[in-house]
2 protein chains.
Amino acid sequence: MNSSEFRRRGKEMTDFVADYLDGIEGRQVYPDVQPGYLRSLVPSTAPEEPDAFEDIINDVERIIMPGVTHWHSPYFFAYFPSANSYPAMLADMLCGAIGCIGFSWAASPACTELETVMMDWLGKMLKLPEAFLAGEAGEGGGVIQGSASEATLMALLAARTKATRRLQAASPGLTQGAIMEKLVAYSSDQVVATLGTTSCCSFDSLLEVGPICNKEDMWLHIDAAYAGSSFICPEFRHLLNGVEFADSFNFNPHKWLLVNFDCSAMWVKKRTDLIGAFKLDPVYLKHSHQDSGLITDYRHWQLPLGRRFRSLKMWFVFRMYGVKGLQAYIRKHVQLAHEFEYLLHQDPRFEICAEVTLGLVCFRLKGSNKLNEALLERINGTKKIHLVPCHLRDKFVLRFAICSRTVESAHVRLAWEHINQLASDLLGAEKE
Amino acid sequence: MNSSEFRRRGKEMTDFVADYLDGIEGRQVYPDVQPGYLRSLVPSTAPEEPDAFEDIINDVERIIMPGVTHWHSPYFFAYFPSANSYPAMLADMLCGAIGCIGFSWAASPACTELETVMMDWLGKMLKLPEAFLAGEAGEGGGVIQGSASEATLMALLAARTKATRRLQAASPGLTQGAIMEKLVAYSSDQVVATLGTTSCCSFDSLLEVGPICNKEDMWLHIDAAYAGSSFICPEFRHLLNGVEFADSFNFNPHKWLLVNFDCSAMWVKKRTDLIGAFKLDPVYLKHSHQDSGLITDYRHWQLPLGRRFRSLKMWFVFRMYGVKGLQAYIRKHVQLAHEFEYLLHQDPRFEICAEVTLGLVCFRLKGSNKLNEALLERINGTKKIHLVPCHLRDKFVLRFAICSRTVESAHVRLAWEHINQLASDLLGAEKE
């Protein structure tokens with residue numbers, strides 16, 4: 001495909017994307033397909049000669065769409081939101097075209113520098129302590145990771161390297177194995193200190209955990225994968241109090257801040273702690289500025305060597321929404337969660353199982369786990385809306401997460417009426 | 001931004017992308033900026049109110065482009081290629097719009113199933129042994145990782161888990177620390193068995209290493225990050241001989257197979273080895289098919305939980321190029337490398353430092369390392385072309401890698417004339 005065909009097809013794809021998202025409400029949110037459905041619809045090998053673009057785009061509707069769970073349908077209330085916005089999609093087009101691999105400053109200076117500055121912008125939006133910002137000569141700074149798992153692993157490895165060096169310095173006779181046996185990582189049942197758990201969006205008390213970690217010289221990593229985006233609103237910022245005790249902090253703008261996956265934001269107070277654990281310097285990556293102290297080589301901050309120009313997505317989203325637009329978006333979601341909570345409150349058959357702080361409502365029918373499993377089966381079986389469950393203290397609980405960028409009060413009310421009706425059917429059938 | 005504005009801006013961005021790539025030859029391949037250049041060009045905080053799209057797109061040219069190393073310029077001969085093609089960009093637009101997070105089959109069945117089938121397509125293109133394919137009931141199969149580093153780490157963790165379990169079964173009294181001390185990972189100076197090293201594209205002998213690993217019950221992981229794409233051509237397939245001894249194999253279509261970053265292809269012979277090391281099953285990710293044996297939940301195959309719909313890029317690229325188109329692309333690059341090799345051969349001042357097997361030529365002026373460092377400094381200083389060096393047996397060597405999708409014989413000849421001239425200037429200055 002040459003550039004003139006791309007000019008045509010790119011515009012067709014732009015309309016395809018806009019049509020898909022404009023019409024998503026009319027699609028069944030959860031697919032009907034059975035495991036293995038797709039293999040029978042495609043050839044068993046790649047074609048020798050090129051296929052026509054028309055055939056491929058037709059196959060998207062014929063083969064792909066029937067097997068898609070529509071995460072951006074306003075009837076999708078499962079898991080947590082996955083960010084999706086037009087500005088981020090435009091930035092991704094540009095990111096693909098530039099197609100640089102930013103493993104060092106020299107590999108594409110703009111890629112590294114925009115990332116550092118965007119992480120400062122975002123850190124300021126969250127009112128992170130100054131120590132986490134890069135500024136012009138800070139010791140800390142931010143980096144985009146692919147996922148919260150990678151951020152946690154990086155923090156764990158940095159903590160291990162730091163603790164190992166301290167032990168080796170104190171007791172030079174210890175073997176590597178003996179040191180490994182001494183190391184302890186404390187975690188909650190969600191791993192590491194968490195602000196906004198996946199199950200029920202609960203919060204660990206940083207003001208209790210933090211001072212203990214600091215006193216005992218323990219690395220404190222905080223994961224606020226979902227909840228972190230809300231901290232840009234002053235009324236939710238208190239949930240982050242205590243972050244000043246942490247060594248590293250992470251949340252996912254690709255969940256709830258309109259920056260398409262992947263974009264997991266991680267900050268550290270001392271960049272040398274991360275870099276010390278991973279420094280990788282083959283000669284083909286050396287460049288004249290690297291020992292100047294002026295630049296950042298992000299390959300030392302992450303597991304993979306390669307990295308895309310992901311900060312473009314942040315730049316486009318922050319500028320096209322503005323901080324006020326992003327705050328309004330968070331507030332709308334929280335408001336809709338409270339609206340659903342209110343509807344549940346009016347119905348004595350239901351109970352709310354965890355405090356509704358942000359965009360997640362955990363609820364169940366008063367009664368057995370079996371009853372609630374049956375309710376969820378009916379909900380997901382009819383496929384008008386989509387939810388997933390969790391376990392809270394041995395109780396089977398339904399999670400209602402406000403997810404879609406386009407979800408409105410009307411969708412939440414329709415979802416409630418649907419759940420209400422299915423609950424009545426179920427309880428009626430039980431009585432008979 | 002609503003969908004009607006996106007329809008307009010997406011089309012403008014399509015043209016912006018096509019204009020950028022059409023005109024890339026006219027841009028200086030390596031930027032003039034100094035460290036910290038970007039921070040002074042942007043505000044220190046995100047805007048409160050939205051900025052206009054026109055301002056943002058103007059800032060791309062004003063702020064971003066001056067700091068970009070143009071990896072897709074036909075005068076870029078540094079590192080290794082980073083894939084970039086129009087079909088992959090179209091697929092990425094669709095991937096962004098669907099925006100599903102495919103951690104389980106149920107989270108979007110099409111996302112998982114297309115990936116499994118595309119990895120089979122690609123495995124067949126490489127003539128991988130049947131044991132690596134998923135098919136309808138195979139024990140092996142493929143997965144898209146973010147990078148070769150992640151694939152290697154996954155292989156290492158799977159190998160460690162397998163070896164640890166074997167030791168625990170044989171000697172139940174051993175502590176975890178004692179087991180850890182017994183484990184050995186063998187590696188070359190490039191880590192793990194490598195086909196096509198970064199420095200000089202050399203190849204480990206799998207037919208020697210493989211049988212020893214099998215006899216000693218050692219996990220063998222093969223990394224062919226760059227070279228792997230060439231194995232789709234029958235004349236290069238012999239370089240992969242011995243893969244039948246491996247437990248896992250990985251290469252990066254995002255380097256040399258026209259599938260934009262990130263897309264690192266990994267296969268294993270026994271999927272249970274990977275899954276056993278990482279199984280993660282919270283209730284909110286459970287679904288009714290997961291214990292049926294019929295489906296794949298890719299979250300068990302990788303470090304991150306989230307994953308994009310990356311197989312769309314493979315599907316679009318394989319279908320729009322066809323296998324023949326992809327083979328022609330590989331062959332053109334190899335041919336251009338040999339053309340540069342031929343030009344070097346005619347000039348007795350230069351020596352070629354490693355066999356030219358694929359798209360990389362390692363060369364130097366006969367003489368000191370200092371002389372060659374000076375030559376590279378002149379080359380990269382004038383910024384008409386861009387190269388990076390490597391060290392081979394203590395010699396400072398220049399790497400000339402065929403990278404761009406649009407590079408032609410004329411560009412290689414211009415690059416040669418340029419290098420030739422700078423070498424003459426340098427050697428002339430030395431004589432004076």
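Please read all numbers here as calculations on a predicted model, not as lab measurements. Quick note on labels: first sequence line is chain A, next is B, and so on, each numbered from 1.
Among Ile98(B), Leu21(B), Val33(B), Thr116(B), the residue with the largest count of heavy-atom pairs under 4.5 Å with chain A is Ile98(B). Of the listed residues (Ala46(B), Ala18(B), Ala78(B), Ala88(B)), the greatest number of heavy-atom pairs within a distance under 4.5 Å of chain A belongs to Ala46(B). Of all the listed residues (Lys124(B), Lys324(B), Glu48(B), Glu181(B)), the one sharing the greatest number of non-hydrogen pairs under 4.5 Å with chain A is Glu48(B). When each of Phe6(B), Phe53(B), Phe316(B) is checked for heavy-atom pairs under 4.5 Å with chain A, Phe6(B) comes out on top. In terms of non-hydrogen atom pairs under 4.5 Å with chain A, the most contact-rich of Asn2(B), Asp59(B), Thr152(B), Leu41(B) is Asp59(B). Interface remark: of the candidates Phe76(A), Phe396(A), Tyr20(A), Phe309(A), Tyr20(A) forms the most heavy-atom pairs closer than 4.5 Å to chain B. In terms of heavy-atom pairs under 4.5 Å with chain B, the best-connected choice from Phe318(A), Phe261(A), Phe16(A) is Phe261(A). In terms of heavy-atom pairs under 4.5 Å with chain B, the best-connected choice from Gly325(A), Ser199(A), Ala107(A), Pro87(A) is Ala107(A). Residue with the most contacts toward chain B among Thr198(A), Leu312(A), Leu326(A): Thr198(A) (heavy-atom pairs, distance under 4.5 Å). Interface summary for chain B: among Met180(A), Met320(A), Met89(A), Glu5(A), the most heavy-atom pairs under 4.5 angstrom belong to Met320(A). Interface summary for chain A: among Pro50(B), Ser149(B), Gly10(B), Gly306(B), the most heavy-atom pairs under 4.5 angstrom belong to Pro50(B). The greatest number of non-hydrogen atom pairs below 4.5 Å with chain B, out of Val60(A), Asp262(A), Val42(A), is found for Val60(A).
Judged by distance alone, with hydrogens and angles left aside, the side-chain atoms of Asn380(A) form no donor-acceptor pair with the main-chain N or O of His386(A) at under 3.5 Å. Of the possible donor and acceptor atoms, one in the side chain of Trp121(A) sits under 3.5 Å from a partner among the backbone N and O of Pro43(B). Listed for the Tyr37(B) side chain is a donor-acceptor partner under 3.5 Å among the backbone atoms of Ile63(B). Panel note: side chain Asn84(A), backbone Gly99(B); no donor-acceptor pair is recorded below 3.5 Å. Although no hydrogens or angles enter the test, the distance criterion places no donor-acceptor pair under 3.5 Å between the side chain of Asp92(B) and the main chain of Lys313(B). Checking side-chain atoms of Asn260(B) against main-chain N and O of Gly96(A) turns up a donor-acceptor pair under 3.5 Å. Looking at Arg39(A), its side chain does come within 3.5 Å of a backbone N or O of Gly135(B) through a donor-acceptor pair.
Looking at Val317(B) and Ser85(B), their side chains come closer than 4.5 Å, going by heavy atoms from C-beta outward. Residues His72(A) and Arg405(A) are not in side-chain contact: their nearest non-hydrogen atoms beyond the backbone lie 4.5 Å or more apart. The shortest side-chain heavy-atom distance between Lys255(A) and Ser82(A) does not fall under the 4.5 Å cut-off. Between Met125(B) and Thr45(A) there is no side-chain heavy-atom pair separated by less than 4.5 Å. Side-chain atoms of Arg307(A) and Glu115(A), non-hydrogen and from C-beta on, do get closer than 4.5 Å to each other.
Val397(A) does not touch chain B: none of its heavy atoms, backbone or side chain, sits under 4.5 Å away. Only the side chain of Asp22(A) has a heavy atom closer than 4.5 Å to any heavy atom of chain B. Both the backbone and the side chain of Val68(A) have a heavy atom closer than 4.5 Å to some heavy atom of chain B. The parts of Asp19(A) that come within reach of chain B are both its backbone and its side chain, each placing non-hydrogen atoms under 4.5 angstrom from that chain. At a 4.5 Å heavy-atom cutoff, Ser40(A) makes no contact with chain B through either its backbone or its side chain. Both the backbone and the side chain of Glu113(A) come within contact range of chain B, with heavy atoms under 4.5 Å apart. Contacts between Asn252(A) and chain B at a heavy-atom distance below 4.5 Å are absent for every atom of the residue. Contact annotation for Ser44(A): both backbone and side-chain heavy atoms come within less than 4.5 Å of a heavy atom of chain B. Using a 4.5 Å cut-off between heavy atoms, Ile64(A) touches chain B through backbone and side chain atoms alike. When heavy atoms are compared at a cutoff of 4.5 Å, Glu150(A) approaches chain B solely by way of its side chain, counted from C-beta outward. Interface remark: Gln34(B) contributes backbone and side-chain atoms alike to the contact with chain A (heavy atom separation under 4.5 Å). Interface remark: Ile101(B) contributes backbone and side-chain atoms alike to the contact with chain A (heavy atom separation under 4.5 Å). Only the side chain of Pro31(A) comes within less than 4.5 Å of a heavy atom of chain B; its backbone N, CA, C and O stay farther away. Neither the backbone nor the side chain of Met118(B) comes within contact range of chain A, judged by heavy atoms closer than 4.5 Å. Heavy-atom distances place both the backbone and the side chain of Met1(A) under 4.5 Å from chain B. For Ala106(A), the parts lying under 4.5 angstrom from a heavy atom of chain B are both the backbone and the side chain. In this structure, the portion of Ser147(A) lying under 4.5 Å from any heavy atom of chain B is its side chain and not its backbone.
Expressed to the nearest 0.5 Å, how far CZ of Arg9(B) lies from OH of Tyr86(A) amounts to 14.5 Å. Taking CD1 from Ile56(A) and CG from Leu94(B), the interatomic distance works out to 11.5 Å, rounded to the nearest 0.5 Å.
Between Phe103(A) and Tyr79(B), a ring centre-to-centre spacing shorter than 6.0 Å is recorded. If you look at His254(A) and Phe80(A), their ring centroids are not closer than 6.0 Å.
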Show your reasoning for whether side chain to side chain contact (heavy atoms under 4.5 Å, CB included) applies to Ile57(A) and Met13(A).
CA-CA 9 Å; Ile57(A) 205 77; Met13(A) 186 58 88; 3.6 Å; yes
